[in-house]
Amino acid sequence: MSAIVDGRWKGPVVDQHIHLDRSNRYFAAVDEFVLCGGTGMMLVHKPRFGAGLPDDKAGYRAAYAETLEMAEEVRAKFAITVGVVLGPHPVAWEHQIADLGMKRATELHLEAVDLALEHIDAGDAQCLGEVGRPHYPVAEETWAAANEMLAEIMGLAAGAHAPIQLHVEDNGSQTYSELAQIAASAGLPLSKTIRHYAPADVSADFTHGLACTVSVGRGSVEALLASHSHASSPWGMETDYLDDPRRPGAVLGPKTIPKRTDELCAVLLAEHEQEEVEGLLMNVHSHWPSELYGLEF
Ligand SMILES: [Zn+2]
């Protein structure tokens, strides 16, 4: 049976980077996604920037437990595949330097990485993230420490055979090039090094061989169409939906992936055979995520 029926995509549709919040839309957001054709998601741990960040390992344990419970609840309520991305956010680390000092903030961050890797090893979570480095300018000393810490985190992920989702600055190809170098020296395969919130240029010249999840905002379909045949590494789609009452609909709403997949399917069909289009979209929404996270998408 074909995943394309009468020119429309009826196959799997996966959001690889979405946040949910019990105190905001939560199930209503998932419902919206599922009604539009969503079949799977990677639920990413969301730090409580406004309400106090964990300042010890026990605090991280409790915070992670909440994300893991939400994943369970969503699985129980909806017939979709839900994987979990667990880890300490680089912006949390940067914020905590002021309170805890660089040494303790870094130590805590690495403890939180260890704990996330324990959950991945136990099969409760499938990916480390979002980890990375601040996406805004910081002091030179902080930047150097962030890169050193990221190299250590990549080394830990490599040792645990875990994929990682990276939260980084947006400095075009330069960002990818630096990440590829750090990953290579840490022994982390580029296919498991996933840049989150990626621009829609997936060509090898731009990504330097890193995997990515594309933020499929306006204009992304055209950019994917133009670059997909020059990709050397797998790519997926994400909304980075925040489920945050202060930023409703940000970064992209829960309906976005099903909608963009339909649009991409239509423009691809105008240029390629149906079988080819099916293969491409199955890689995006099923084969790659299944292999990467060890779940059935
Ligand atoms: Zn995110």
Side-chain angles (χ1 to χ4, degrees), residues 14-26 29-30 32-33 38 40-51 53-54 60 63-64 66-71 74 82-96 109 112-113 115-116 119-120 125-136 146 149-150 153-154 157 162-171 175-176 179 192-200 210-217 220 235-257 260 289 292-293:
V14 177
D15 188 339
Q16 284 201 41
H17 191 111
I18 184 168
H19 302 279
L20 291 172
D21 195 322
R22 277 180 174 136
S23 66
N24 200 43
R25 294 196 62 216
Y26 194 28
V30 183
E32 207 172 275
F33 174 65
M41 60 171 60
M42 291 302 290
L43 177 66
V44 185
H45 178 66
K46 180 167 90 164
R48 298 192 160 195
F49 289 113
L53 293 163
Y60 264 105
Y64 287 169
E66 201 177 335
T67 300
L68 294 169
E69 281 165 25
M70 282 197 286
V74 173
V82 182
V84 176
V85 184
L86 218 50
H89 201 290
V91 172
W93 168 78
E94 200 274 332
H95 285 185
Q96 286 185 308
H109 199 78
V113 166
L115 189 57
H119 281 296
I120 292 168
Q126 288 71 35
C127 182
L128 180 66
E130 49 196 290
V131 292
R133 57 191 188 189
H135 59 275
Y136 42 87
M149 188 172 74
L150 180 54
I153 292 170
M154 284 184 174
I164 70 175
Q165 286 199 10
L166 294 167
H167 172 107
V168 292
E169 80 289 351
D170 187 5
N171 190 17
T175 297
Y176 273 117
L179 293 173
K192 287 189 170 184
T193 311
I194 307 144
R195 180 184 179 180
H196 130 72
Y197 196 61
L210 249 78
C212 67
T213 55
V214 173
S215 175
V216 285
S220 59
W235 54 274
M237 295 186 185
E238 64 157 75
T239 57
D240 197 15
Y241 179 63
L242 297 174
D243 205 1
D244 182 341
R246 289 163 305 178
R247 295 179 61 191
V251 174
L252 297 169
K255 293 180 189 166
T256 313
I257 307 288
R260 292 287 183 252
L292 183 65
Y293 302 120

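Read the numbers this way: they start at 1 and go in the same order the structure lists the ligands and their atoms. Worth saying up front: this structure is predicted, and the values here are computed from it rather than measured.
- Annotation: Tyr64 is in aromatic contact with His45 [ring centroid separation under 6.0 Å].
- For the atom pair CG of Leu179 and OG1 of Thr193, the computed distance is 8.5 Å after rounding to the nearest 0.5 Å.
- You'll find the ring centres of His135 and Tyr197 outside the 6.0 Å limit.
- Residue contact annotation: His17 places an N/O/S atom under 2.8 Å from the Zn ion (ligand 1).
- Closest to the Zn ion (ligand 1) among the N, O or S atoms of Glu130 is OE2.
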Next item on the list: Please lay out, stage by stage, how His196 and Asp240 fare under the test side chain to side chain contact (heavy atoms under 4.5 Å, CB included).
Entry: CA-CA 9 Å; His196 130 72; Asp240 197 15; 3.4 Å; yes
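- Taking the Zn ion (ligand 1) as reference, Asp240 places its N/O/S atom OD1 nearest.
- Taking 2.8 Å as the criterion, His196 does not count as a coordinating residue of the Zn ion (ligand 1), since none of its N, O or S atoms falls below it.
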